[in-house]
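Below is one structure, written out as structure tokens, with a few remarks after it.
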Amino acid sequence: MRLDDQDESSNVEDRRGSGGGGGGVGLGGMGIGTIVVAIAASYFFGIDPSVILGLASNLQGQSPAQVTSHKPPANDEMSRFVSKILASTETTWTQVFKEGGSRYQEPKLVLFSGATPTACGTGQSAMGPFYCPGDQKVYIDLSFYRDLKDRFRAPGEFAQAYVIAHEVGHHVQNLLGISDKVHQAQQGANKAKANALSVRLELQADCFAGIWGNRADAAKHIIEPGEIQQALTAASAIGDDRLQQQSQGRIVPESFTHGTSEQRMRWFKRGMDSGDLRQCDTFKTASL
């Protein structure tokens, strides 16, 4: 990616080296073994952590205020990369919201190692990157990028950028009131219907990530030849169908929460091709 002339965001908190404020805190009574499929699906991109953490009501009053944050060191290349991508999303969504007659509220991005308290409970590295609507922050342990490359065979800077853009997409959904409507609809729905709504929410965040890619490249030509395929590879690698096949040897469509590999690629590409928010309404289309 061409990021030499891209500014860095001031909205990055670095909690690495501060002890995490929650390294010894588990997931309450929820063992990892009981949520293998949920963790596999949530390992990538944007599941509301409260779904897994159950709002973490038993986390003994942990809060982000108990954690020491600082700015990332100037010589940390990966944190600088993340900061530049975040700044690029800020520019994009500020313009999109302005076009719609409203003001964009920038999220914070938190770098952590291992575990950290959030307004949604304890965030852990095993969850992958996630967005917490309670404090409007994106959380990421940068060791995740190693897994993205080695375990899921999705290398490249644009694949890494897609991760952040997807989580920021969930922030946009939160600001637009979409997330609240979906969660309200899920309350009275059966498991299959609730999962189907989650799929539409996730695919829309993929489409929003594509909008960022379209507009950021149009503004500053940040994408190098072949890099779009990196994001498509990442989207394909974390489809529910592929993750389930890898983790349990079979595919259970009614348990999907993020969408298939094909769907994730299609909706990211739709946003990437159009740059148009109106093209990302996954809730009004019959076919995903």
Side-chain angles (χ1 to χ4, degrees), residues 1-18 20-21 44-46 64 67-97 103-119 123 125 127-133 135-149 154-172 174-175 205 208-224 227-228 230-231 234:
M1 296 184 71
R2 303 185 187 97
L3 298 173
D4 290 343
D5 63 343
Q6 175 64 57
D7 294 333
E8 295 182 34
S9 173
S10 61
N11 291 314
V12 178
E13 299 178 19
D14 192 349
R15 297 182 185 175
R16 298 170 299 174
S18 67
F44 285 86
F45 313 146
V67 180
T68 301
S69 297
H70 51 86
K71 289 185 177 181
N75 61 350
D76 186 335
E77 291 187 10
M78 183 53 70
S79 64
R80 290 191 66 196
F81 170 80
V82 168
S83 181
K84 287 184 176 184
I85 297 302
L86 183 64
S88 180
T89 67
E90 291 167 350
T91 299
T92 292
W93 288 110
T94 294
Q95 181 60 35
V96 172
F97 273 61
R103 181 176 177 274
Y104 180 60
Q105 297 171 290
E106 298 171 351
K108 295 280 188 179
L109 187 147
V110 177
L111 304 175
F112 73 98
S113 297
T116 191
T118 81
S125 299
M127 296 169 60
F130 63 91
Y131 172 70
C132 175
D135 54 23
Q136 297 191 4
K137 294 181 179 181
V138 172
Y139 291 85
I140 183 170
D141 184 329
L142 293 179
S143 66
F144 163 80
Y145 283 142
R146 183 174 59 248
D147 290 334
L148 185 66
K149 175 184 176 182
E157 288 186 336
F158 195 59
Q160 296 170 352
Y162 162 56
V163 172
I164 298 168
H166 176 98
E167 300 308 332
V168 171
H170 283 302
H171 176 64
V172 172
N174 187 34
L175 295 180
F208 286 176
I211 287 178
W212 160 75
N214 173 291
R215 291 186 174 231
D217 190 52
K220 292 198 172 183
H221 307 291
I222 64 172
I223 303 175
E224 306 224 36
E227 284 193 318
I228 292 176
Q230 294 176 3

Which pair of non-hydrogen atoms, one from [X] and one from [Y], has the smallest distance, and what is that distance?
X: A209; Y: Y162; answer: CB-CD1, 3.9 Å
X: V163; Y: P129; answer: CG1-CG, 3.5 Å
X: A161; Y: I85; answer: CB-CD1, 3.7 Å
X: A205; Y: H166; answer: CB-CE1, 3.5 Å
X: Q160; Y: Y145; answer: O-OH, 2.9 Å
X: P72; Y: L111; answer: CG-CD1, 4.1 Å

Approximate separation, where rounding is to 0.5 Å, of [X] [atom1] and [Y] [atom2]:
X: R215; Y: D217; atom1: CZ; atom2: CG; result: 13.0 Å
X: T89; Y: W212; atom1: OG1; atom2: CH2; result: 8.0 Å
X: S79; Y: I140; atom1: OG; atom2: CD1; result: 11.5 Å
X: N11; Y: E106; atom1: CG; atom2: CD; result: 5.0 Å
X: D4; Y: I222; atom1: CG; atom2: CD1; result: 12.0 Å
X: K137; Y: T118; atom1: NZ; atom2: OG1; result: 9.5 Å

Just by distance, do the side chain of [X] and the backbone of [Y] share a donor-acceptor pair under 3.5 Å?
X: E157; Y: M1; value: yes
X: T94; Y: E90; value: yes
X: S9; Y: A87; value: no
X: R15; Y: V110; value: no

Looking at side-chain heavy atoms only, is the closest gap between [X] and [Y] below 4.5 Å?
X: L142; Y: R16; answer: yes
X: D14; Y: P73; answer: yes
X: Y131; Y: Q136; answer: yes

Within the 6.0 Å centroid threshold, strictly below: Y104 and H171: yes

Anything under 30° is parallel, anything over 60° is perpendicular, the rest tilted; go ahead and classify Y139 against F130. parallel

Which residues share a salt bridge (charged side-chain N to carboxylate O under 4.0 Å, His left out) with D7, sequence neighbours left out: none

Evaluate the criterion side chain to side chain contact (heavy atoms under 4.5 Å, CB included) for residue pair K220 and R2; output intermediate values, then yes/no. CA-CA 8 Å; K220 292 198 172 183; R2 303 185 187 97; over 6 Å; no

